[in-house]
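Okay, so here's the structure we're looking at.
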Amino acid sequence: MAADTPDAIVLDKVNKWFGQLHVLRDVSMTVAHKEKVVVCGPSGSGKSTLIRCINRLETHQEGRILVDGTELTDDTRALDTIRSEVGMVFQSFNLFPHLTILENCTLAPIWVRKMPKAEAEAVAMEFLTRVKIPEQALKYPGQLSGGQQQRVAIARALCMRPKIMLFDEPTSALDPEMIKEVLDTMISLAEDGMTMVVVTHEMGFARQVADRVMFMDEGEVVESGTPTRMFEDPQTDRLKLFLSQILRGH
Amino acid sequence: MSTATTTHTPVARRDQPPMLVAGPVAWARANLFGSIWSSLVTLALAYFLIKSAVSFIDWAFLKSVWTVPMDPATGKLDPETCRAAKGTGACWAVIWDKYRFILFGRYPFDEQWRAAIVIVLFLGLFVVSAMRRFWRKELALIWIATLSAIGLLMWGGVFGLKYVPQDEWGGLPITLILSTFGLAFAFPIAVLVALGRRSTKLPAVKLLCVVYIEVIRGVPLISVLFMASVMFPLFMPIGLNPDKLLRAQVAIILFAAVYLAEVIRGGLQALPKGQYEAADALGLSYWKKTFLIILPQALRLVIPPLVNTFIGFFKDTSLVLIIGIFDLLTSGKVAVTDPIWQAFSTEVYIMLGLIYFCFCFSMARYSRGLENEFSKSARR
C-alpha cells in the first residue's frame with residue numbers, strides 16, 4: 001500500500017469559468033504527501049479559485065481533480081468524506097460567532113467524526129495548546145484578536161486530523177503585528193510533515209517552508225519551481241514584474 | 001462640587017462628565033428646549049398630554065361607576081346609575097357583569113373553570129418556554145403534555161368531565177389556541193419553506209416554495225379564512241368534514257408560515273457566505289450545517305421582525321370573527337349586544353384592548369431581552 005499510495009492532490013487540465021470569465025486555464029499540478037506548495041500571483045490570477053476547487057467550494061467545469069486518489073464529483077457523500085480530510089483556513093477566519101472557541105473546535109469532530117464529546121474536547125484542547133491559546137477556550141470568537149481567531153481557525157481544522165491543509169491567504173486580513181504569530185503556527189505545522197497548499201504573498205514564509213512555489217497569472221500556472229530558483233532566477237517577465245512589485249511593497 | 005473633587009484628586013482626569021453635559025437637565029435642554037420652536041412644541045405637547053391624561057383618569061376612575069344595584073322585581077341588574085354617568089364617567093359594571101362571558105364565550109357556565117385552567121396552562125407554557133434554561137429536548141415533551149391537557153380540559157368527555165363540543169368553545173382560550181398552535185406549527189413549516197426557496201440544487205422544491213409564498217402572500221387573510229370555512233367543505237366528500245375551528249386553524253398556520261418564511265429568508269441571506277463555506281469545508285452535511293451553524297445565527301439576526309410577525313398574527317386571529325368563531329374579540333362584541341349594556345361597548349373594548357396589549361407587550365419586551373442576551377454572548 002505504502003509504495004503505490006496515490007498523490008495527495010492531482011489536478012489534470014482543470015478549466016473553470018465564471019460566466020464568460022475564464023478563471024482557470026488548463027491548470028495541472030501534483031502535490032505529493034508531505035509536500036508544501038505555495039501558490040502566489042497577482043490578485044485575480046485565479047489562485048484562490050484554484051485552492052477552493054480542491055475541496056469543491058468551487059466546482060470546475062473541465063478536467064479532473066483527485067484528492068488522495070478520490071475524484072471530485074457531484075457525489076455529495078464522497079465529497080463530505082474528502083472535505084473532512086482536507087482542512088481549510090480562510091482569509092476572513094470564518095469562525096462560528098455563536099459558538100465558543102472550544103465548541104468551534106469540537107463541532108465537526110462530534111457531528112462528522114461521531115467522536116464522544118469528552119474526547120473531542122480533549123483533542124480540541126490539545127490543538128488549542130499547540131496554537132498557544134488554550135486559555136481562550138471558553139470565550140467567543142468576537143472577543144479574540146484577529147491573529148488569535150486565525151490560530152483558532154487553524155486549530156479547528158486540525159481537530160479533524162486532516163491529511164491535507166489548504167490556506168487561502170491566511171494572513172491577508174491581519175494587522176502586521178499579528179501576521180508573525182499565524183505564520184509561526186503554520187511553520188510548526190509544516191515541520192510536523194503536514195501536506196500544505198498555501199496561497200500567500202508572504203515570500204519569507206515561502207522561502208522558509210515551501211518545497212515548491214507556483215506562480216499564477218490570468219488563470220494559468222506561469223512558472224513553478226523551488227523557492228530559491230523562483231525568487232533568484234525568475235524565467236518569465238510576468239514573474240519578474242510580480243516579484244519586483246511585491247518586493248517594493250515590503 | 002467639581003472643584004472639591006479636583007482638590008482631592010489633583011490628576012486632571014475626570015471619570016464622569018460634568019452635570020451640564022450628561023445629566024437629565026442637560027438631556028432636557030438638548031432635546032426638549034433646544035430652541036424657541038422646540039420649546040414651544042414641547043410645551044404644547046405637554047399641555048395636550050397632561051390634559052388628556054387628566055380627563056381620562058377623571059372618566060375612568062374618579063367619575064366612574066363600578067357596580068350597579070340589582071332590580072328586585074326582575075332579578076336583573078339595573079344600569080340606571082351608569083346611564084346617568086354616561087359621557088362623564090366609565091361604567092365598569094358591564095365588565096363585572098360580563099367578564100366571564102368575555103373570557104370564556106359560550107362555554108357552559110358551570111364548566112368555565114376548565115377554560116380558566118386552560119388559560120393558566122397556556123400562560124405557564126409561555127413562561128417556561130421563554131426561559132433559556134428550559135431550552136432542551138424535554139421542552140418538546142412539556143409542550144406535547146400541556147397541549148394534550150388543554151385539549152382534554154376543553155373537550156372533556158373523560159374522567160367525569162362533561163363533553164363540551166367545539167361549537168361552544170369561546171373567548172380567550174380560542175384566541176390562545178389559534179395563535180399558539182398557529183405559530184407553533186407555522187414556524188417549522190416556515191423554516192423549511194425559507195430553506196427551500198433558497199435551494200440551488202432542487203429547482204422543483206424552490207419553485208414550489210416560491211409559488212406557495214407568492215400565492216398566499218397575494219391574498220388577504222380574510223379571504224383565506226372564508227375559503228377555509230365556506231368553499232373548502234364544498235370540495236370535501238360528505239361525512240368527511242373537519243370542523244370549522246380546525247379549518248380556520250389550518251388556514252392561519254398556512255398563512256403565518258409564509259410571512260415567517262420570508263422573515264427567516266432575510267436572516268439566511270444576511271449571513272456572510274464564509275459561514276456556509278466554513279461549515280462545508282469541515283465536511284458537515286447540508287442538514288447539520290443548516291441546524292448547527294446557519295439557523296442558530298440566522299434566527300438570532302431576525303428576532304425583531306420575527307417577534308413583530310408573531311405579534312401581528314396574535315392579533316390577526318381576531319379575524320376569525322367573520323367566519324363566526326367565538327374568539328376573544330367576538331365574545332366581547334356579543335357581550336355588549338345584551339340590551340342592558342348596549343350603550344357601554346367602549347368599556348368592553350378597553351378591556352379587550354388591555355388583554356391584547358398585555359400579551360403583545362410581553363412578547364415585545366421578551367424579544368428585546370433575548371436580543372440583548374444574544375448580543376452579549378456573541379459579540380463580534
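Throughout, a chain's letter reflects where its sequence line sits, starting with A, and its residues are numbered from 1.
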Q. Going by the angle between their ring planes, with limits at 30° and 60°, are B/Phe310 and B/Phe187 parallel, tilted or perpendicular?
A. perpendicular
Q: Over 60° means perpendicular and under 30° means parallel, so classify the ring planes of A/His22 and A/Trp17, tilted if in between.
A: parallel
(Q) Checking an interface table here. Which of residues 38-50 of chain A come within a heavy-atom distance under 4.5 Å of chain B? (A)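 When heavy atoms of chain B are the reference, residues 38-50 of chain A contributes no residue within the under-4.5 Å range.
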Q | Interface residues of residues 104-124 of chain A facing chain B - non-hydrogen atoms under 4.5 Å apart | A |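 Heavy-atom contacts from residues 104-124 of chain A to chain B are A/Leu107, A/Ala108, A/Trp111, A/Val112, A/Lys114.
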Is it true that [X] and [Y] have a side-chain N and a carboxylate O under 4.0 angstrom from each other?
X        : Y        : value
B/Lys289 : A/Asp80  : no
B/Glu277 : A/Arg52  : yes
B/Lys201 : A/Asp74  : no
B/Arg217 : B/Glu262 : yes
B/Glu371 : B/Arg368 : no

So, does [X] use its side chain to make a donor-acceptor pair with the main chain of [Y] at under 3.5 Å?
X        : Y        : answer
A/Lys16  : A/Glu62  : no
A/Arg56  : A/Thr73  : yes
A/Thr129 : A/Lys132 : no

(Q) So which residue, A/Arg156, A/Gln91, A/Met88, ends up with the most heavy-atom pairs under 4.5 Å with chain B? (A) A/Arg156
Q. Hey, is CZ on B/Phe185 packed in by over 12 heavy atoms from elsewhere, all under 6.0 Å?
A. no
Q: Below 4.5 Å from any heavy atom of chain B, which atoms of A/Phe96 appear? Answer side chain, backbone, both or neither.
A: both
Q. Between A/Leu166 and chain B, which part of the residue has a heavy atom less than 4.5 Å away: side chain, backbone, both or neither?
A. neither
